[in-house]
Protein chains: 2
Amino acid sequence: MCIERGLKMTGQRRLIARVLSEAEDHPDVEELYRRASALDARVSVATVYRTVRLLEEKGILERRDFGGGRARFDPADRGHHHHLIDVDTGTVIEFADAEHDALARTIARRLGFDLVQLRLEIFGRKAPAKRG
Amino acid sequence: MCIERGLKMTGQRRLIARVLSEAEDHPDVEELYRRASALDARVSVATVYRTVRLLEEKGILERRDFGGGRARFDPADRGHHHHLIDVDTGTVIEFADAEHDALARTIARRLGFDLVQLRLEIFGRKAPAKRG
DNA sequence: CTAGCTGCAAACTATTTGCGAATTT
DNA sequence: AAATTCGCAAATAGTTTGCAGCTAG
């Protein structure tokens with residue numbers, strides 16, 4: 001994840017990259033800043049914003065929007081996947097589904113388009129256990 | 001669409017409601033304001049924002065986010081559907097797909113959730129004509 | 001008449017940016 | 001040493017809101 005392409009490897013970037021790769025969730029900038037600051041207080045929000053934008057442009061990070069007004073981030077190297085958001089807790093579960101993707105491609109084609117990107121978000125509520 | 005529920009029917013609201021019901025696309029606030037102003041210059045952006053929020057709370061309008069930082073709006077009475085966004089022009093095409101919905105429900109269940117809401121957005125680019 | 005609405009401009013929130021100082025290569 | 005990058009604070013963009021006047025019911 002730290003293989004750079006023409007960028008200077010500063011302490012701040014190293015730090016932010018580390019926080020990102022260790023994150024299992026999909027943190028927003030504020031959260032990234034909070035975590036980074038906890039490890040080394042010499043980072044500013046501006047740098048987090050700049051780094052995150054840089055990584056996005058380099059294709060290392062993907063910007064997501066799950067509502068709430070803040071952008072959330074997802075490392076691009078974790079493969080193609082969608083999200084299931086628990087409406088009660090806000091927890092995000094990742095999943096992949098090839099059948100779904102194929103279907104979307106078919107729909108796009110039917111409408112005369114080539115699929116560029118697919119965004120599937122399922123908002124759900126934990127189902128009550130069937131027994132037990 | 002104009003059946004109100006405990007709201008005063010002011011000229012501005014009537015105007016905005018009309019612009020909304022006549023819109024075939026998914027306009028953002030700025031666009032709504034532009035169209036409303038063209039019909040009657042005595043509207044302010046603030047009122048458009050307030051009205052749109054009011055209608056959303058009443059369940060008459062649905063707020064969407066297709067990227068680009070601005071909220072876009074969709075009358076709720078047009079039935080369940082998804083969106084295909086033309087990445088080059090920003091045009092939004094609506095479509096419904098029962099097969100897709102069923103599949104999403106299955107996926108949710110597999111993960112232990114009941115489906116509450118489904119958001120499917122296909123970003124595509126106009127496919128070059130195969131012939132002619 | 002009165003509760004509720006409107007316009008204006010100031011306030012907010014998330015994000016970007018200009019600039020001089022600090023760092024990386 | 002040269003080019004980047006950083007932190008700060010001011011600037012943006014979209015949206016919300018306080019207040020005094022206006023209007024529907």
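Chain naming here is simple, since letters A, B, ... match the order of the sequence lines and numbering starts at 1 in each.
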At under 4.0 Å between heavy atoms, how does the protein contact nucleotides 19-25 of chain D? Give one character per nucleotide, 5' to 3', with B, S or -. -----BS
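- The distance between atom CG of B:Leu32 and atom P of D:dG14, rounded to the nearest whole Å, is 14 Å.
- Rounded to a whole Å, the CG atom of B:Leu61 is 14 Å from the P atom of D:dT15.
- At whole-Å resolution of the value, CD in A:Glu57 and P in C:dT15 are 15 Å apart.
- As rounded to whole Å, 13 Å separates atom P of C:dA14 from atom CZ of A:Phe73.
- Taking the six-membered ring for Trp and thresholds of 30 and 60 degrees, B:His82 and B:Phe95 have ring planes inclined between 30 and 60 degrees apart.
- Taking the side chain as every heavy atom from C-beta outward, B:Asp97 and A:Arg110 approach each other to under 4.5 Å.
- The CZ-P distance, from A:Arg53 to C:dA14, rounds to 17 Å in whole Å.
- Atom CG of A:Leu54 is separated from atom C1' of C:dT17 by 15 Å (rounded to the nearest Å).
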Show your reasoning for whether side-chain hydrogen bond (donor to acceptor under 3.5 Å, both in side chains) applies to A:Asp101 and A:His80. CA-CA 10 Å; A:Asp101 298 351; A:His80 176 62; 2.9 Å; yes
Can you pull every protein N or O that's under 3.5 Å from an N or O on nucleotides 11-13 of chain D?
none

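- Minimum atom distance to the side chain of B:Val29 is reached by D:dT15, of the listed C:dT15, D:dC6, D:dT15.
- Rounded to whole Å, the distance from CD on A:Gln12 to P on C:dA22 is 14 Å.
- Aromatic ring centres of B:His26 and B:Phe73: separated by at least 6.0 Å.
- Ion pairing of B:Arg64 with B:Glu62 is present here, as a side-chain N (NZ or NE/NH1/NH2) and a carboxylate O approach within less than 4.0 Å.
- In summary, A:Asp28 and A:Arg35 do not engage in a salt bridge, as defined by a charged side-chain N under 4.0 Å from a carboxylate O.
- A distance of 5.0 Å separates CG in B:Leu61 from CG in B:Leu55, rounded to the nearest 0.5 Å.
- Of the inter-residue distances, the one linking A:Leu111 atom CG with B:Ile122 atom CD1 reads 7.5 Å to the nearest 0.5 angstrom.
- Comparing C:dT15, D:dT5, C:dC8 by their closest approach to the side chain of A:Arg13 singles out D:dT5.
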